[in-house]
Each structure stands twice: as structure tokens, then as C-alpha cells.
Amino acid sequence: MWAPITNVLSILNEAKVNLLALTVAAAVVAIIIYGLKYKQGSDDEKVSATKGIKGVVYMTGGVNALIWLVSYIYTKMQ
């Protein structure tokens, strides 16, 4: 019953660094896009771009923390 979950967790633990780098790279691209929208936009577009940047930063931090937490719990369970 637990074998599929264990397999997924072991794959996640092995690919942790690559997943973290991929999320950070995607966040950097999104922040650059929002930054360009901020630079070229009107006041309403600047507010929207600022909210977008904050959302990307929060989401990236949350995903990275979740990946770390799952891999940490998995290594402690072994």
C-alpha cells in the first residue's frame, strides 16, 4: 500500500536540487516579465505587476519550503 508513495518520495528526494533550481528559474522569468510590465505600464498596471511579483515570491518560497519539508520528513522516516 505504501510502496507507490515511498517511490514518489524517493524520486522527490533524489531530484530535490533540480526541482528547487527549476522553481527558482521559473520565478526569475516571471519576475522579469512582471518587471517589464511594471516599467512600461500605467498606474493600474503597476499595481497589478506589483501584486504579481509578490505572488510569485510567496509561491516560490512556499513550494521550496514544501519540497524541503517533504524530503526532510522522508529522510527522517527511513
Side-chain angles (χ1 to χ4, degrees):
M1 179 174 150
W2 292 102
I5 296 172
T6 305
N7 291 340
V8 169
L9 290 176
S10 65
I11 291 170
L12 177 66
N13 196 29
E14 293 171 3
K16 178 174 57 173
V17 174
N18 293 334
L19 286 173
L20 293 175
L22 183 64
T23 57
V24 169
V28 167
V29 169
I31 289 172
I32 289 172
I33 291 170
Y34 280 123
L36 291 174
K37 288 181 181 180
Y38 181 86
K39 190 76 170 170
Q40 298 172 352
S42 64
D43 290 339
D44 292 336
E45 291 171 341
K46 287 184 179 186
V47 169
S48 176
T50 304
K51 287 182 182 179
I53 290 172
K54 287 180 183 178
V56 168
V57 169
Y58 293 151
M59 192 176 306
T60 304
V63 167
N64 288 344
L66 186 62
I67 291 171
W68 175 83
L69 182 65
V70 168
S71 65
Y72 177 78
I73 291 171
Y74 176 71
T75 56
K76 290 295 182 180
M77 286 175 44
Q78 288 183 340

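In this text the structure is predicted, and so the values were computed from the model without any measurement. Sequence positions, counted from 1, serve as the residue numbers for this chain. Side chains are part of it too, since the values below use all heavy atoms of this structure and drop only hydrogens, waters and symmetry mates.
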**Prompt:** Would one find more than 12 heavy atoms of other residues, nucleotides or ligands at under 6.0 Å from atom NZ of K46?
**Reply:**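 Yes, enclosed.
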
**Asked** Between the main-chain N or O of D44 and the side-chain N or O of S48, is there a donor-acceptor pair closer than 3.5 Å?
**Response**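 The answer is no, because no donor-acceptor pair under 3.5 Å joins these two groups.
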
Atom pairs and distances, side-chain donor-acceptor, residues 15-43, under 3.5 Å, sequence neighbours left out:
residue: T23; atom: OG1; partner: L19; partner atom: O; Å: 3.3
residue: T23; atom: OG1; partner: L20; partner atom: O; Å: 2.8
residue: T23; atom: OG1; partner: N64; partner atom: OD1; Å: 2.7

Below 3.5 Å, can you tabulate the donor-acceptor pairs from side chains in residues 52-60 to any protein atom, sequence neighbours excluded?
residue: T60; atom: OG1; partner: V56; partner atom: O; Å: 2.7

